[in-house]
Protein chains: 2
Amino acid sequence: MAATLHDVAKLAGVSIKTVSNVVNAYPHVRPATRERVQAAIDELGYQPNISARSLRSGRSGVIGLVLPELSLSYFAELADAVIAEAEKHGLVVLIEKTGASRDHEIAVLSSPRMRLTDGLIFSPLGMGQEDVAHLAVDYPLVLLGERIFGGPVDHVTMRNVEAARAATESLIAAGRRRIAVIGAHEGEVVGSAALRLAGYEEALAAAGIALDPDLVTFTTLWHRANGAASMRELVQSGTPFDAVFGLNDALALGALRVLQEEGLRVPEDVAVIGFDDIEESAFTVPSLSSIDPGRTQIAAEAVEILVRRIGEGGGRPSEPREVLVDFAVVERESTRGPESRAPRVEGARPGSQDSAATGV
Amino acid sequence: MAATLHDVAKLAGVSIKTVSNVVNAYPHVRPATRERVQAAIDELGYQPNISARSLRSGRSGVIGLVLPELSLSYFAELADAVIAEAEKHGLVVLIEKTGASRDHEIAVLSSPRMRLTDGLIFSPLGMGQEDVAHLAVDYPLVLLGERIFGGPVDHVTMRNVEAARAATESLIAAGRRRIAVIGAHEGEVVGSAALRLAGYEEALAAAGIALDPDLVTFTTLWHRANGAASMRELVQSGTPFDAVFGLNDALALGALRVLQEEGLRVPEDVAVIGFDDIEESAFTVPSLSSIDPGRTQIAAEAVEILVRRIGEGGGRPSEPREVLVDFAVVERESTRGPESRAPRVEGARPGSQDSAATGV
DNA sequence: GTGAAAGCGCTAACAT
DNA sequence: ATGTTAGCGCTTTCAC
């Protein structure tokens with residue numbers, strides 16, 4: 001049913017090689033021939049068969065993106081950015097979600113389902129440093145996140161420690177001294193939680209503020225509900241505090257809600273800052289200060305590096321690269337005084353590029 | 001480099017057919033042979049080449065999902081659900097985003113990039129009823145959304161009119177009479193905006209409330225910022241109102257924020273209800289009442305129908321199906337009186353299934 | 001500048 | 001129960 005190179009060749013009265021040359025924009029084709037072939041292509045509505053091309057050339061034009069979960073805003077926005085970047089390179093994106101399960105993550109790395117991709121952008125959450133060996137795969141792979149460092153692959157990550165330190169410092173600069181942390185992970189050494197906690201501790205130390213363990217709350221999950229629960233516990237414990245650092249925005253948002261339920265004023269009584277700068281944070285009441293970790297830059301770098309690796313082919317690969325992107329402290333109402341509340345609602349953030357009319 | 005059927009066959013001392021039989025779990029293989037082949041597979045780390053399989057069999061095990069944008073919570077949560085459903089059928093999902101552009105949507109339908117998928121789940125936002133002919137493609141296609149009806153393809157959609165009517169009725173039942181609408185689309189006849197507005201009008205008519213055009217505000221985009229802007233205009237216009245129906249949650253959330261900026265109490269002065277029931281709505285202050293439009297059911301039905309169509313093969317296709325999923329009114333603080341505020345924060349919603357530990 | 005032919009790795013007929 | 005063989009549609013030498 002679908003037209004093939006042969007059909008086009010027959011109709012145009014040339015060989016399939018010539019048709020192939022036209023399809024692939026090979027320069028040395030006589031204009032007259034090209035025109036005739038193009039006419040035949042249009043008439044038959046010819047579409048190249050990607051499987052056949054891929055089988056022969058070893059390239060599918062598809063890259064894989066492996067994420068914990070799409071319904072978390074951070075990852076949804078990351079995926080959106082990756083798809084946009086991939087499109088610039090003429091690539092489409094196959095998304096696999098792992099549910100942050102270590103086993104699932106490891107399985108995906110050697111899954112034949114992923115074999116039709118030219119390379120993978122891999123964002124694990126369950127795997128840890130001890131799994132570094134699993135990353136030694138025989139296809140292009142770019143690692144994201146902060147679960148594994150120093151692996152045999154290119155790695156794009158954010159400046160967790162510095163950014164968390166900057167977040168904490170912004171609270172200290174506003175005169176806060178009793179800064180609670182929401183979302184620490186017990187005993188973790190690498191991983192977002194550990195790194196961000198380290199940044200928090202650095203900031204306190206630099207300001208000469210003693211670390212009060214009672215102010216550090218733990219939760220494995222980083223959803224709104226966990227932030228809310230931690231906050232409620234902290235309030236009920238009676239431990240005094242004048243600021244909250246949510247290790248991600250969802251946690252901070254959950255905490256924000258509970259603070260208000262409890263009748264505490266934000267930021268007058270308690271200042272709140274998050275991490276991730278998801279779109280939602282600009283629209284809550286009060287709007288949430290946060291760290292923009294450079295999400296779009298991460299997506300751009302990851303795709304760029306992957307494309308370069310794919311282009312390298314099987315040749316002796318160059319050294320794995322470790323890329324750190326820039327971050328920014330985004331101050332909003334939850335840390336600024338109420339006097340500076342204008343403009344009260346921000347417009348569309350520049351980060352959410354090419355968002356055309358989109359209902360539902 | 002990568003092992004092929006031939007390599008495995010040679011090592012196991014059998015023919016490639018036998019290896020193929022083992023790989024594809026063909027039942028009539030002697031246990032001893034199967035074991036020997038499996039050993040060879042393991043030893044060589046054999047992975048079937050999907051492109052070759054796909055070229056030969058015409059199936060890739062990949063389905064496409066075409067969406068306006070992933071950074072909108074509704075679509076992110078929908079994509080998440082589709083991926084989960086697809087996985088149950090052993091399929092992976094290729095996501096393409098269109099930015100809600102009509103041209104992009106039409107182009108995707110005939111894009112060779114999508115030709116390696118076995119079928120498509122297609123959620124347009126730019127195309128309209130006049131584009132119905134573009135849906136007559138020669139591969140399995142399931143249409144989502146409410147831009148086009150009665151097309152030549154299976155269609156899974158929500159009960160927009162009934163659900164919007166129920167939302168409005170819940171406000172009326174709470175004693176509200178001056179119900180503003182945020183997000184209407186000028187002159188639209190089909191599409192989410194038009195259908196939901198129709199439901200609103202039905203509810204008013206049924207309750208004997210005259211429609212006041214001043215209460216219906218228009219905005220093309222359905223982001224938080226648009227809801228905020230519309231709300232601000234309405235407040236400043238001086239038009240009295242005691243309730244707001246946001247045609248999606250993002251609009252309602254933007255409105256919710258402005259209402260509070262303006263010193264209006266929700267729900268005491270103004271009750272607010274949205275549409276979509278995105279995860280975030282349970283965690284705002286106050287939490288947002290909404291319509292759960294049956295998102296997970298939509299994903300499940302869409303994948304199910306697509307899988308069946310793919311299975312049908314080229315045979316005479318059965319009639320296109322039109323599937324309507326169930327909705328539910330989710331009442332939260334923004335419409336309930338404050339006396340019923342407990343429990344104050346909901347736990348993880350059952351809708352967000354299989355969300356394991358997920359940081360960042 | 002264009003054509004002929006080989007073969008990528010696999011599945012599906014058909015044979016045995 | 002297992003082997004043989006013929007392509008799927010394309011790209012890629014290598015001729016001409």
Side-chain angles (χ1 to χ4, degrees), chain A residues 1-38 40-41 44-62 112-118 138-139 313-314, chain B residues 1-38 40-41 44-62 112-118 138-139 313-314:
Chain A
M1 26 193 275
T4 75
L5 277 187
H6 282 98
D7 302 329
V8 177
K10 198 179 300 173
L11 182 61
V14 297
S15 82
I16 66 166
K17 177 58 173 37
T18 305
V19 181
S20 176
N21 283 341
V22 171
V23 170
N24 296 299
Y26 181 69
H28 302 296
V29 178
R30 221 171 335 141
T33 317
R34 157 164 279 119
E35 223 165 285
R36 203 148 34 89
V37 171
Q38 189 58 53
I41 288 176
L44 294 172
Y46 168 76
Q47 302 271 7
N49 179 314
I50 305 287
S51 299
R53 174 180 290 177
S54 160
L55 171 60
R56 185 62 238 223
S57 69
R59 295 277 166 76
S60 62
V62 180
R113 303 220 311 255
M114 279 288 157
R115 288 312 228 156
L116 87 169
T117 61
D118 294 339
D138 60 356
Y139 52 83
Chain B
M1 24 192 274
T4 74
L5 277 188
H6 282 98
D7 302 329
V8 177
K10 199 178 300 173
L11 182 60
V14 296
S15 83
I16 65 165
K17 180 60 187 7
T18 304
V19 181
S20 176
N21 284 341
V22 171
V23 170
N24 296 300
Y26 182 68
H28 303 295
V29 178
R30 222 177 328 151
T33 318
R34 157 163 280 120
E35 223 165 283
R36 201 146 39 88
V37 171
Q38 190 56 53
I41 288 176
L44 295 172
Y46 168 77
Q47 302 272 5
N49 179 316
I50 305 287
S51 299
R53 174 181 290 178
S54 159
L55 172 60
R56 183 62 239 225
S57 69
R59 296 277 166 75
S60 62
V62 181
R113 303 219 312 254
M114 279 289 156
R115 288 313 228 151
L116 87 167
T117 61
D118 294 338
D138 60 356
Y139 51 82

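Throughout, a chain's letter reflects where its sequence line sits, starting with A, and its residues are numbered from 1.
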* Short side-chain N/O contact from B:Ser15 to OP1 or OP2 of D:dG3, under 4.0 Å -> yes
* Asked: Distance check: side-chain N/O of B:Thr18 vs OP1/OP2 of D:dG3, anything under 4.0 Å?
  -> yes
* Asked: If you find the nucleotide of DNA chain D closest to B:Ala52 and the one closest to B:Pro31, which residue's nucleotide is nearer the 5' end?
  -> B:Pro31
* Mapping B:Ser57 and B:Val29 onto DNA chain D by nearest heavy atom, which one lands closer to the 5' end? -> B:Val29
Between [X] ([atom1]) and [N] ([atom2]), how many Å, whole number?
X	N	atom1	atom2	result
B:Leu5	C:dT11	CG	C1'	9 Å
A:Arg36	C:dG1	CZ	P	15 Å
B:Glu35	D:dT2	CD	P	13 Å
A:Gln47	D:dC10	CD	P	11 Å
B:Tyr26	D:dA1	OH	C1'	8 Å
B:Asn24	C:dG9	CG	P	17 Å
B:His6	C:dT11	NE2	P	12 Å
B:Asp7	C:dC10	CG	C1'	13 Å

Quick check for you: among [options], whose closest atom lies nearest to any side-chain atom of [X]?
X	options	result
B:Ile16	D:dT2, C:dT11, D:dT11	C:dT11
A:Lys17	C:dT11, C:dC10, C:dG3	C:dG3
A:Asn49	D:dG9, C:dA4, D:dT2	D:dG9
A:Thr33	D:dT5, C:dT2, D:dC10	C:dT2
A:Leu55	C:dG9, D:dG3, C:dT11	C:dG9
A:Arg53	D:dT11, C:dT11, D:dT2	D:dT11
B:Arg30	D:dT2, D:dC10, C:dC8	D:dT2

If you compare all heavy atoms of [X] against all heavy atoms of [Y], which two are closest, and at what distance to 0.1 Å?
X	Y	result
A:Arg53	A:Pro48	NH2-CB, 3.4 Å
A:Ala12	A:Val37	CB-CA, 4.0 Å
B:Asp118	B:Gly58	OD1-O, 3.9 Å
A:Val22	A:Ile41	CG1-CD1, 4.3 Å

* To do: Please name all residues satisfying side-chain hydrogen bond (donor to acceptor under 3.5 Å, both in side chains) with A:Ser51, sequence neighbours left out, ordered by chain then number.
  => B:Ser54
* When only distance counts, do a donor and an acceptor, one from the side chain of A:Arg56 and one from the base of C:dG7, lie under 3.5 Å apart? -> yes
